[in-house]
Amino acid sequence: MDAKEWQTEQERLNMVREKLTARIDKLEPLVTGLSDQAAEIRRRFWEEVTVNTSSDEEFEETFYTIKQQAAVLSERERRHRLLTQQWRSLNRLLPSPYFGRVDFLEDGQSSSEQIYIGVSSFVDEDGLSFLVYDWRTPIASLYYDHSPGSASYDTPGGRITGEMELKRQYQIQNGHIRNLFDANVTIGDELLQQMLSKGADSQMKSIVATIQKEQNAIIRNDRSRMLIVQGAAGSGKTSAALQRVAYLLYKNRDTLKADQIVLFSPNPIFNSYVSSVLPELGEENMQQTTLQEYLEYWLGSILRLEDPFDQIEYVLTAQSAPDYEARLQGVKYKASEAFLKALQNYAKWLGREGMLFTGIRYRDRELIPAQQISSKFYSYDTSLSLANRVELLQKWLLKELSILERKEREAPWVKEEIHYLDNDQYAEVYGTLHKDREVFDIAERYALVHEKIRNKRREDEGDFDYAEREEDLLSQKIVKASFKPLRRSVKKFSFIHVQGLYAELFSDEAAYREKTAEDDIPALWAEICRQTREKLSRQELFYEDATPYLYLKELIEGVRTNTEIRHVFVDEGQDYSPFQYEYLKKLFPRARMTVLGDFGQAIFMQSTKLQGQDSPLLRLYGESETSLIRLVRSYRSTREIVEFTKELLTDESEIMPFERSGPKPLLTRIEGGENRDLQLLKDIERLKADGFDSIAVITKTAAESRTAFESLREQGSGTVHLITKETINFQKGVMVVPVYLAKGIEFDAVLIYDASPQAYGRENERKLLYTACTRAMHRLHLYSTGEWTPFVQALPVHLYENATD
């Protein structure tokens, strides 16, 4: 590009920045002024209001004065929020107002329009001329989806067609154009190369300047009820999903709020890693949680739940346990659609017989026996659903408790309890008895001297027996307070023995077949039953039992649906079971679902296949409402690392590396664990010297992570962080982390602590090693104190380098 054109572009940039600065300077005093005004109104709110309730007219005037003052405050605060949002948006634009441009000649027009694209829109003073278009606007899709030539974009009014005459990219830093080049179909390799060559950060960044065409299809898909994204490691699926959230909030800004979107993350540290992307784009963060946190919220008060990380630790370390194979069969079966169907059939069976109830006890006696509750339940119309009949039963129990409560007021213990009440309780009762101020004064005096008066009746009380009325009110108060826990427990369905009902499923094979109409059960069912019942007897649940247990509980008590949520995002979607997807669908009945995953990283036992005719996700909402987008190009790692890692898998040959080169993965075989750790320390120091700030030592298990961490720390590696399942913040530096907690995160350099057959020898550990290696952006080192894992031994030797002693 010649110097004259470069200069023209710089002059245009200077003009835009001048207008941005002027607008910021104009807004700043308004933002500050409105903030001060709102604070002053809040401070002096009641000074501006005269409260007078002496007559109906005065009361009405007081009401409207308060309403008017509140409306003024609300308007100031609303304007302050809007202006603050504009001010922040302009400040985000100022260092780099735009990153792309297209020149588009619309059909039927005589001249083309220059469309500059940035992270938000900026309109000139006339209110009509766009100096910068938000990347989420319909016209901006030209930049992502088309090359120069015939092009089109969709608008609410229909499709606009025309000719793209130019597509250009910019790198702008602090108001200066650093790079400028014209692009073709994809966002140019030059810009992407520079973006990808940077080091890993402690938080994921926005990718709006380098969104690829296939990623743009994910971002702008607003038709599908279910959007499945099967993407290779490092293909940008999570980044695209976060930009998708920003796009949805922009497009539906009048009807969709950030708190109506929820992201299910793979672990708590991932929430920290992605937390800056939406604020960087000027949007509020959506709700972020993990499925484990949700299960803990609903079940954690009654049962101790195993988490998925403890489950995978068992799978990876307990191969010699006698009950290991049965546990694995149990994990797979309880995650299946077959078990879901079995629970549905069990609920139908319970509608006919077998419900377990807990009698309601009160002061060491049974008020309402379990048999009476059961008889009442099965007296209801059997055509009603199980949950509806339980609701009727709940109402009946509350009514029965009200009757029993009134009877209990005559019990001898109640009269005895009255003698032990304190002054405040007596004063409260007399506040109920007496309505005028004079009598309240008498009540206060009475409360102070009630010990003397209790046995002496006032002579001037007339015909009204205050003493008898007092005793009635005190009895009512005492019994009502003592019945309150009973009413609360009934409202929480404590009269249903859900734990017993779930345990009944695992009594024996014949009973299970009868109650569920299930034929195909695991071979080691008897051992699965023993394990499950034993866990329940300790008030504990396996992770694979948590969702089915909650599902059964809701089949009985009624489903807890959340109709406010409009979009559900599931990251690392291959790690969720078919059962869990069915539960999420039921939990969020009005939501669209976006599932992101890579079956090549399916390291958990309950994994779900994301694509193919046998994928349960295709059946969840039906194929007509489901879209599948595949991302095969990996951007995270260098070409050498991608070529190495994709060969670790058996069916992922379609993974394509981005053309960014670096050193081949380095294999270091060394005798003895201590020597290995010393070599690893040396390599860490070399990587630091090369400028890499984010270095991960990845182990197979949490126990191995603790061992490696202690060894590295003792041998003086400086600051090393141990990442555990309790870690909630991601930070740069040297960290030791088990592979399943590194999912979704990237590092400048990855060091595989032990790549021996002992660590990765079984076939179900192949994807575990693949997942660990694909965390690396620039450097990948593997270590072994003996033979290499067979997955490495099978690789062509040209894919890696062997370290020399």
Side-chain angles (χ1 to χ4, degrees), residues 135-138 141 144 154-156 211 214-231 236-266 270-271 274 277-278 281 283-291 294 337 340 547 559-598 608-611 615-631 744:
W135 66 276
R136 295 166 289 189
T137 55
S141 65
Y144 299 113
D154 293 321
T155 72
I211 291 170
E214 64 273 17
Q215 294 170 329
N216 196 44
I218 296 166
I219 293 167
R220 295 176 186 262
N221 182 304
D222 52 9
R223 302 177 306 278
S224 305
R225 183 78 187 275
M226 163 69 84
L227 175 61
I228 305 169
V229 181
Q230 161 63 43
K237 50 188 178 292
T238 302
S239 295
L242 294 171
Q243 321 303 308
R244 171 171 167 77
V245 174
Y247 169 77
L248 291 169
L249 289 171
Y250 176 85
K251 183 179 180 183
N252 307 289
R253 53 192 174 276
D254 294 330
T255 58
L256 182 66
K257 305 300 178 187
D259 60 5
Q260 293 177 296
I261 304 174
V262 62
L263 167 66
F264 282 91
S265 304
F270 184 84
N271 290 338
V274 302
V277 175
L278 289 174
L281 295 170
E283 302 290 353
E284 293 182 24
N285 258 324
M286 66 206 139
Q287 297 187 63
Q288 293 175 243
T289 187
T290 64
L291 182 61
Y294 181 84
E337 293 172 285
L340 175 78
T547 305
V559 179
R560 297 179 180 87
T561 59
N562 187 329
T563 57
E564 291 299 312
I565 297 298
R566 293 292 186 270
H567 287 273
V568 174
F569 286 75
V570 180
D571 206 351
E572 300 296 337
Q574 74 281 347
D575 293 336
Y576 288 69
S577 70
F579 198 124
Q580 289 167 338
Y581 278 115
E582 287 282 357
Y583 182 76
L584 290 177
K585 178 186 176 183
K586 186 179 288 290
L587 179 61
F588 303 109
R590 297 183 63 185
R592 295 172 183 267
M593 191 179 295
T594 301
V595 176
L596 320 154
D598 173 18
T608 295
K609 196 172 182 181
L610 304 182
Q611 58 182 345
S615 170
L617 293 187
L618 297 179
R619 300 190 293 273
L620 198 63
Y621 294 101
E623 291 193 34
S624 62
E625 293 193 83
T626 302
S627 294
L628 170 66
I629 296 178
R630 301 181 69 250
L631 301 178

Asker: Rounded to the nearest 0.5 Å, how far apart are OH of Y621 and CZ of R225?
Answerer: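 Atom-to-atom, Y621:OH and R225:CZ are 5.0 Å apart.
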Asker: Side chain to side chain contact (heavy atoms under 4.5 Å, CB included) with I261: which of I565, N285, L249?
Answerer: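 Looking at I565, N285, L249, the match for I261 under the side chain to side chain contact (heavy atoms under 4.5 Å, CB included) is L249.
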Asker: Please check this pair: side chain of K585 against backbone of L620, looking for a donor-acceptor N/O pair closer than 3.5 Å.
Answerer: yes
Asker: Please check: side-chain N/O of K237 versus main-chain N/O of G231, any donor-acceptor pairing under 3.5 Å?
Answerer: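 Answer holds: yes.
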Asker: With a 4.0 Å cut-off on N to O distance, would you call E564 and R590 a salt bridge?
Answerer: no
Asker: Taking the side chain as every heavy atom from C-beta outward, state whether P616 and E337 have any pair of such atoms under 4.5 Å apart.
Answerer: yes
Asker: Walk me through whether V595 and L610 qualify under side-chain contact (heavy atoms from CB on, under 4.5 Å).
Answerer: CA-CA 8 Å; V595 176; L610 304 182; 4.2 Å; yes
Asker: Once you round to the nearest 0.5 Å, how far does OH of Y581 lie from CZ of R619?
Answerer: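 Answer rounded to 0.5 Å: 13.5 Å.
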Asker: Quick one: does any side-chain atom of T561 pair with a main-chain N or O of L587 as donor and acceptor, under 3.5 Å?
Answerer: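 Such a contact is absent between T561 side chain and L587 backbone.
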Asker: Donor-acceptor pair, distance only, cut-off 3.5 Å: does the side chain of N252 make one with the backbone of L248?
Answerer: yes
Asker: So, the side chain of Q260 versus the backbone of K257: is there a donor-acceptor pair under 3.5 Å, distance only?
Answerer: yes
Asker: Between V570 and L584, is the side-chain contact (heavy atoms from CB on, under 4.5 Å) condition met? List the steps.
Answerer: CA-CA 10 Å; V570 180; L584 290 177; 4.1 Å; yes
Asker: Please report the closest heavy-atom contact between L242 and L278, naming both atoms and the distance.
Answerer: O-CD2, 3.5 Å
Asker: Could you check if a side-chain atom of T290 sits within less than 4.5 angstrom of a side-chain atom of P266, using non-hydrogen atoms only?
Answerer: no
Asker: Check whether any side-chain heavy atom of T626 lies under 4.5 Å from a side-chain heavy atom of I228, and answer yes or no.
Answerer: yes
Asker: Check whether any side-chain heavy atom of Y583 sits under 4.5 Å from a side-chain heavy atom of Y294, and report yes or no.
Answerer: yes
Asker: What is the distance from atom CZ of R223 to atom OG of S627, rounded to the nearest 0.5 Å?
Answerer: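 If I round to the nearest 0.5 Å, the distance is 6.0 Å.
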Asker: If only atom types and distance count, is the side chain of T608 paired as donor or acceptor with the main-chain N or O of Y576 below 3.5 Å?
Answerer: yes
Asker: Between E572 and Q574, is any side-chain donor less than 3.5 angstrom from a side-chain acceptor?
Answerer: yes
Asker: List the residues meeting side-chain hydrogen bond (donor to acceptor under 3.5 Å, both in side chains) with K586, not counting sequence neighbours, and say none if there are none.
Answerer: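 K586 satisfies side-chain hydrogen bond (donor to acceptor under 3.5 Å, both in side chains) with no other residue.
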Asker: Nearest 0.5 angstrom please: D222 CG to I219 CD1, how far?
Answerer: 12.5 Å
Asker: Any chance you could lay out the side chain to side chain donor-acceptor pair (under 3.5 Å) test for R244 and T594, step after step, and finish with the verdict?
Answerer: CA-CA 10 Å; R244 171 171 167 77; T594 301; 3.2 Å; yes
Asker: Given the rule in the side-chain contact (heavy atoms from CB on, under 4.5 Å) test, do I218 and L631 qualify, once you have shown the distances and angles that lead to the verdict?
Answerer: CA-CA 10 Å; I218 296 166; L631 301 178; 3.7 Å; yes
Asker: In Å, rounded to the nearest 0.5 Å, how long is the span from CG of L263 to CD of Q287?
Answerer: 10.5 Å
Asker: Ignoring hydrogens and geometry, is there a side-chain-to-backbone donor-acceptor pair from R592 to H567 under 3.5 Å?
Answerer: no
Asker: Salt bridge check: are R136 and E283 linked by an N-O gap of less than 4.0 Å?
Answerer: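 Salt bridge: yes.
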Asker: With no hydrogens and no angle check, is any side-chain donor or acceptor of E582 less than 3.5 Å from a backbone partner on P578?
Answerer: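 Flag not set: sc E582 to bb P578 has no pair under 3.5 Å.
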Asker: Any chance you could measure K251, atom NZ, to R220, atom CZ, to the nearest 0.5 Å?
Answerer: 9.0 Å
Asker: Using 30° and 60° as the class boundaries, would you call the ring planes of Y144 and W135 parallel, tilted or perpendicular?
Answerer: perpendicular
Asker: Could you check whether any side-chain N or O of S141 sits under 3.5 Å from a backbone N or O of P138, counting only pairs where one atom can act as donor and the other as acceptor?
Answerer: yes
Asker: Kindly determine whether Q243 and L281 satisfy side-chain contact (heavy atoms from CB on, under 4.5 Å), including the steps that lead there.
Answerer: CA-CA 9 Å; Q243 321 303 308; L281 295 170; 3.3 Å; yes
Asker: With side chains defined as the heavy atoms from C-beta onward, is the minimum distance between L291 and Q580 less than 4.5 Å?
Answerer: yes
Asker: With a 3.5 Å distance limit and no angle check, can you tell me whether R253 reaches the backbone of Y250 through a side-chain donor-acceptor pair?
Answerer: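 Yes; judged by distance alone, with no hydrogens or angles, the pair exists.
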Asker: Can a side-chain donor-acceptor contact be found between D571 and S265 if the only test is distance below 3.5 angstrom?
Answerer: no
